[in-house]
J.: 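Take a look at this one; I'll ask things after.
Everything numeric in this text was worked out from a predicted model, so none of it was measured. The basis for the numbers below is simple: all heavy atoms, side chains too, and nothing from hydrogens, waters or symmetry mates. Chain letters run A, B, ... following the sequence lines, proteins first, then strands; residues in each count from 1.
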Amino acid sequence: MMTTTASSDSTRLSVIQRLRQIRLGRWCVILIPMLWLAAFFFIPFLVVFKISLAEAMIAVPPYSPLIEWDPSNAYATLKVTFGNYLFLFESRFYLDAYLSSLRIAAVSTFFTLLIGFPIAYLIARSGPTQRTILLALVILPFWTSFLLRVYAWMALLKKNGLVNETLMAIGLIDQPLQILQTDFAVYLGIVYTYLPFMILPLYTTLEKMDMSLIEAAQDLGAKPWRAFCLVTLPLAKPGIIAGCLLVFIPAVGEFVIPALLGGSDTLMIGRVLWDEFFLNRDWPLASAVAIIMLIVLVGPIMFMRNGNKEAM
Amino acid sequence: MKGNSWALKLSAGFGFLFLYAPIIALIVYSFNESKLVTVWGGWSIKWYVELFQNEQIMNAAWVSLKIAFISATLAAVLGTLAGFVLSRMGKFTGKTIMAGWVTAPLVMPEVITGLSLLLLFVAMESMFGWPAGRGTTTIVIAHTTFCLAYVAVVVQSRLASMDDTLEEAAMDLGAKPVSLFFLVTLPLIAPAILSGWLLSFTLSLDDLVIASFVSGPGNSTLPMVIFSKVRLGVTPEINALATLMILAVSIAVIAAIVIMRRQNRFQGP
């Protein structure tokens with residue numbers, strides 16, 4: 001096992017080394033995707049930062065210019081305001097929106113893990129044919145429209161929807177419950193739509209796990225539950241971390257789910273940004289909201305990158 | 001399969017039920033005769049007929065399909081290049097940065113991506129006069145950018161797991177890098193590129209948030225039309241539309257799995 005890995009590593013190096021010898025062509029190939037990503041992924045953040053320092057104006061585009069050129073004096077002034085950031089920190093509303101987004105994302109991530117783990121574990125321990133079928137069953141919803149899957153819950157959770165009708169038919173409740181337009185519906189929506197993102201990385205680590213380790217633990221007298229906590233969980237840690245980050249980070253900025261399933265009091269920062277931009281047309285404030293969200297998320301994103309490096 | 005306790009099977013079964021119950025309910029109700037979505041009025045395909053007569057939905061579907069096709073193709077080319085550069089080019093200045101730029105779009109909240117691209121397009125228009133206004137072009141650029149990341153990751157992981165003895169042999173036999181790439185590497189990673197293309201196609205077809213930011217007037221994509229209808233409540237035509245989309249995706253996914261299994265059998269593990 002060790003020797004094959006080593007030999008394939010050395011051959012890879014030599015292909016890489018040989019590709020390194022061609023200078024010009026090499027840089028052309030590197031620069032094409034690099035420049036595209038710089039132009040349309042990185043530079044946009046600088047633009048957002050710049051506009052977050054401007055003031056909202058009734059103009060096209062609706063913000064004040066950063067540099068004001070006075071032709072009479074041939075004199076340029078740099079106009080920078082931190083007013084948008086001050087406004088965000090002073091107002092209770094935005095702080096609450098950030099905190100409640102983080103809370104909703106964290107709680108949903110936990111439940112996604114709770115539901116996803118048994119599925120990933122079962123798939124990892126199934127025979128080859130069964131494994132393909134079960135994996136396909138997990139991947140299928142992942143490929144179908146996110147928007148339509150959120151929409152599917154609207155029909156189920158309505159006052160006279162299937163969930164309420166069923167609960168009333170069983171006799172658990174007499175009156176239809178208000179489920180749609182509550183925070184609960186938002187949690188449900190996030191867990192549901194992000195579940196495949198949790199299961200797939202979990203499955204990848206659990207599949208590689210040596211099952212004889214658990215048998216060994218049980219042979220040595222560990223109860224199944226103890227063997228799970230002491231052997232399975234630590235070994236599955238990379239998958240758990242990857243899955244949690246893949247769910248948590250986008251869930252913090254989620255817009256569609258709170259907009260369709262949440263109530264008017266469901267506070268999430270993605271929705272606040274959307275409203276500032278589309279309803280209030282306050283582009284600078286929306287930019288400041290985005291910059292703060294980025295600062296909050298940059299830690300988890302970097303952490304994910306490092307985790308990826310280890311996994312590869 | 002022995003040794004899987006009933007508790008594990010039960011909880012996994014509950015998980016699968018959770019994944020599929022809403023989809024099944026949606027499909028069943030799309031055949032509902034009644035206008036009231038939740039009252040069962042017998043089987044009917046009338047909502048499918050209405051769907052195809054709804055010009056707004058059909059136009060938006062056409063716009064979305066066009067955008068998805070172009071974006072997925074561009075993303076497949078750029079993403080393959082990015083994945084190849086990251087796994088076969090060794091170390092170069094800026095590699096860490098590029099790796100970060102490739103992974104970050106996968107998790108970046110869509111509202112941030114959408115807002116930042118829109119502000120970029122507005123700034124570019126006032127500086128260079130391009131892109132003039134916003135519409136199909138700006139949506140294609142935005143979608144290409146985030147789909148590129150998915151393709152790059154799929155291609156990169158395929159290249160990382162692939163033995164490079166074939167590439168090695170081609171080089172020993174004197175293949176120049178360009179012919180090495182087109183004659184050896186590309187055919188080997190073709191399935192990964194194809195699945196990356198398909199993934200990009202569905203992601204582009206599905207995107208609401210980014211498209212809402214970067215599109216202009218008169219360029220509503222299908223998700224934008226769906227969202228504006230659905231916001232007001234559940235509508236039977238959308239049920240029919242959803243059923244058709246789910247059906248199309250299911251067929252594509254199942255076909256892809258069958259093809260991949262066949263290829264694995266030929267090429268070995």
J.: Only one of B:Leu120, B:Thr144, B:Leu148 passes side-chain contact (heavy atoms from CB on, under 4.5 Å) with A:Phe40; say which it is.
T.: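 Single pass found, and it is B:Leu120.
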J.: Out of B:Ile23, B:Thr113, B:Ile238, return the one with the most heavy atom pairs under 4.5 angstrom to chain A.
T.: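 The residue among B:Ile23, B:Thr113, B:Ile238 with the greatest pair count is B:Ile238.
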J.: Restricting to non-hydrogen atoms, name the atom on B:Leu208 and the atom on A:Phe255 that form the minimum distance, rounded to 0.1 Å.
T.: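 Scanning both residues, the minimum pair turns out to be CD2-CE2, 4.5 Å.
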J.: Select one option (side chain, backbone, both, neither) describing which atoms of A:Leu246 are under 4.5 Å from chain B's heavy atoms.
T.: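 For A:Leu246, the contact with chain B is made by backbone and side chain together.
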J.: If I take atom CZ from residue B:Phe92 and atom CH2 from residue A:Trp27, how far apart are they, to the nearest 0.5 angstrom?
T.: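 Result: 6.5 Å between the selected atoms.
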J.: For the backbone of A:Phe146 and the side chain of B:Asp206, can you confirm whether one donor and one acceptor N or O come within less than 3.5 Å of each other?
T.: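 Pair found, side chain donor or acceptor close to backbone of A:Phe146.
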J.: Is any side-chain heavy atom of B:Val230 closer than 4.5 Å to a side-chain heavy atom of A:Met154?
T.: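 Counting from C-beta outward, B:Val230 and A:Met154 do come under 4.5 Å.
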J.: Mark yes or no for whether A:Tyr151, through its side chain, and B:Phe227, through its backbone, hold a donor-acceptor pair below 3.5 Å.
T.: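 No: the side chain of A:Tyr151 does not pair with the backbone of B:Phe227.
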J.: Between B:Thr202, B:Val209, B:Leu26, B:Ile112, which has the largest tally of heavy atom pairs under 4.5 Å with chain A?
T.: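 The residue among B:Thr202, B:Val209, B:Leu26, B:Ile112 with the greatest pair count is B:Ile112.
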J.: Start with the C-alpha gap between A:Met293 and B:Val111, add the side-chain angles, then the distance that decides, and say whether side chain to side chain contact (heavy atoms under 4.5 Å, CB included) holds.
T.: CA-CA 10 Å; A:Met293 203 198 305; B:Val111 282; 4.0 Å; yes
J.: Chain A heavy atoms under 4.5 Å from B:Leu118: which part of the residue, side chain, backbone, both or neither?
T.: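 When you check distances to chain A, only side chain atoms of B:Leu118 fall under 4.5 Å.
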J.: Using heavy-atom distances under 4.5 Å, tell me whether A:Ala251 contacts chain B through its side chain, its backbone, both, or neither.
T.: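 Contact with chain B is absent: no heavy atom of A:Ala251 under 4.5 Å.
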J.: When you look at A:Trp274 and B:Ser212, which way does the side chain to side chain contact (heavy atoms under 4.5 Å, CB included) test go after all the steps?
T.: CA-CA 10 Å; A:Trp274 178 283; B:Ser212 299; 3.4 Å; yes
J.: Can you find a heavy atom in the side chain of B:Leu119 that is under 4.5 Å from one in the side chain of A:Ser287?
T.: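 Sidechains of A:Ser287 and B:Leu119: in contact.
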J.: If you take all heavy atoms of A:Met34 and B:Gly94, which pair is closest and at what distance?
T.: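 Result for this residue pair: CE-O, 3.5 Å.
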J.: By a 4.5 Å heavy-atom criterion (distance strictly below it), what part of A:Ile249 contacts chain B: side chain, backbone, both, or neither?
T.: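 The answer is both parts of A:Ile249.
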J.: Output the distance between atom CG (A:Leu46) and atom OG (B:Ser116), rounded to the nearest 0.5 Å.
T.: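 The CG atom of A:Leu46 sits 10.0 Å away from the OG atom of B:Ser116.
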J.: What part of A:Phe142 lies closer than 4.5 angstrom to a heavy atom of chain B: side chain, backbone, both or neither?
T.: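 Just its side chain gets close to chain B.
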J.: Can you give me the closest heavy-atom contact between A:Pro141 and B:Tyr20, atom names plus distance?
T.: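 Taking every non-hydrogen atom into account, CD-OH, 3.3 Å.
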J.: For A:Ile291, is it the side chain, the backbone, both or neither that has a heavy atom under 4.5 Å from a heavy atom of chain B?
T.: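 Neither the backbone nor the side chain of A:Ile291 comes within 4.5 Å of chain B.
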J.: Among A:Ile119, A:Thr193, A:Leu294, which has the most heavy-atom pairs under 4.5 Å with chain B?
T.: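 Ranked by contacts with chain B, first place is A:Ile119.
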J.: Would you confirm whether A:Tyr192, through its side chain, and B:Leu19, through its main-chain N or O, come within 3.5 Å as a donor-acceptor pair?
T.: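 Looks like yes, one N/O pair under 3.5 Å.
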J.: Output the option from B:Gly13, B:Pro22, B:Gly100, B:Ala12 having the highest count of non-hydrogen pairs under 4.5 Å with chain A.
T.: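 It is B:Pro22.
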J.: Side-chain contact, heavy-atom cut-off 4.5 Å: A:Leu297 with B:Pro109?
T.: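 Heavy-atom side-chain distance check passes, below 4.5 Å.
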J.: Could you tell me whether the side chain of B:Phe181 reaches within less than 4.5 Å of the side chain of A:Val29, counting heavy atoms only?
T.: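 A:Val29 does not reach B:Phe181 side chain to side chain.
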J.: Run the numbers on B:Met108 and A:Phe45 for side chain to side chain contact (heavy atoms under 4.5 Å, CB included), then give the verdict.
T.: CA-CA 12 Å; B:Met108 191 57 69; A:Phe45 292 133; 3.9 Å; yes
J.: Given the options B:Leu10, B:Leu203, B:Leu198, which has more heavy-atom pairs under 4.5 Å with chain A than any of the others?
T.: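 With the most close heavy-atom pairs to chain A, the winner is B:Leu198.
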J.: Out of curiosity, A:Leu273 CG to B:Glu110 CD, how far, rounded to the nearest 0.5 Å?
T.: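 Output value for this atom pair is 12.5 Å.
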J.: Against chain A, label B:Thr145 side chain, backbone, both or neither, depending on which of its atoms sit under 4.5 Å from a heavy atom there.
T.: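 Both backbone and side chain.
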J.: Go through the atoms of A:Leu134 and report whether side chain, backbone, both or neither lie under 4.5 Å from a heavy atom of chain B.
T.: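 Both parts, backbone and side chain.
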J.: Are B:Phe213 and A:Phe277 an aromatic pair by the rule of ring centers under 6.0 Å?
T.: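 Yes; A:Phe277 has its ring centre under 6.0 Å from that of B:Phe213.
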J.: Return yes when atom CZ of B:Phe14 has more than 12 non-hydrogen atoms of other residues, nucleotides or ligands closer than 6.0 Å, and no otherwise.
T.: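 No, the 6.0 Å shell around CZ holds no more than 12 heavy atoms from other groups.
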J.: Quick one: what part of A:Tyr63 sits under 4.5 Å from any heavy atom of chain B, side chain, backbone, both or neither?
T.: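 The answer is the side chain of A:Tyr63.
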J.: What part of A:Leu195 gets closer than 4.5 Å to chain B, counting heavy atoms only: side chain, backbone, both or neither?
T.: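 The answer is the side chain of A:Leu195.
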J.: Heavy-atom distances under 4.5 Å only: say whether A:Trp143 touches chain B with side chain, backbone, both or neither.
T.: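 Interface part for A:Trp143: both.
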J.: To the closest 0.5 Å, what do you measure between CG (A:Leu122) and NZ (B:Lys9)?
T.: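 These two atoms lie 7.5 Å from each other.
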J.: Looking only at non-hydrogen atoms, find the nearest pair between A:Leu156 and B:Ala25 and report the distance.
T.: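 Closest pair (atom of A:Leu156, atom of B:Ala25, distance): CD2-CB, 3.7 Å.
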J.: Contact between A:Leu188 and B:Phe18 at the side-chain level, heavy atoms closer than 4.5 Å - yes or no?
T.: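 Result yes, sub-4.5 Å side-chain heavy-atom pair found.
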J.: If you count heavy-atom pairs under 4.5 Å with chain A, which of B:Leu86, B:Leu199, B:Leu205, B:Ile246 comes out on top?
T.: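 So the answer, after comparing B:Leu86, B:Leu199, B:Leu205, B:Ile246, is B:Leu199.
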J.: Which heavy atom in B:Leu115 sits nearest to a heavy atom in A:Ala290, and how many Å separate them?
T.: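 So the two residues come closest at CD2-CB, 3.8 Å.
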J.: Return the minimal non-hydrogen interatomic distance between B:Ala242 and A:Leu148, and the atom names on each side.
T.: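 Shortest heavy-atom contact: CA-CD1, 3.6 Å.
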J.: What option among A:Phe248, A:Phe117, A:Phe278 has the most heavy-atom pairs under 4.5 Å with chain B?
T.: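 Between A:Phe248, A:Phe117, A:Phe278, the count favours A:Phe278.
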J.: Tell me, side chain or backbone of A:Leu37 under 4.5 Å from chain B's heavy atoms, or both, or neither?
T.: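 Looking at A:Leu37, backbone and side chain both touch chain B.
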J.: Working to the nearest 0.5 angstrom, can you tell me the gap between B:Met98 CE and A:Leu31 CG?
T.: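 Separation between the atoms: 9.0 Å.
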J.: Measuring heavy-atom distances to chain A, does B:Ala99 have an atom under 4.5 Å in its side chain, in its backbone, in both, or in neither?
T.: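 Answer is both: backbone and side chain atoms of B:Ala99 are under 4.5 Å from chain A.
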J.: Within a strict 4.5 Å, meaning less than it, do heavy atoms of the B:Ile97 and A:Phe42 side chains meet?
T.: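 Sidechains of A:Phe42 and B:Ile97: no contact.
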J.: With a 4.5 angstrom heavy-atom cut-off, could you sort out which part of A:Leu137 is near chain B: side chain, backbone, both or neither?
T.: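 Contact with chain B is through both the backbone and side chain of A:Leu137.
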J.: Do A:Leu140 and B:Ser250 have side-chain heavy atoms sitting under 4.5 Å apart?
T.: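 A side-chain contact exists here, since the closest heavy-atom pair is under 4.5 Å.
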J.: Might you confirm whether atom CZ of A:Phe228 has over 12 heavy atoms from other residues, nucleotides or ligands at distances under 6.0 Å?
T.: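 Counting neighbours around CZ of A:Phe228, more than 12 heavy atoms of other residues, nucleotides or ligands fall under 6.0 Å, so yes.
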J.: If you apply the rule side chain to side chain contact (heavy atoms under 4.5 Å, CB included), what do you find for A:Phe197 with B:Leu106, and how did you get there?
T.: CA-CA 11 Å; A:Phe197 288 94; B:Leu106 302 178; over 6 Å; no
J.: Report the option among B:Val249, B:Val107, B:Val85 that has the most heavy-atom pairs separated by less than 4.5 Å from atoms of chain A.
T.: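 Ranked by heavy-atom pairs under 4.5 Å with chain A, first place is B:Val107.
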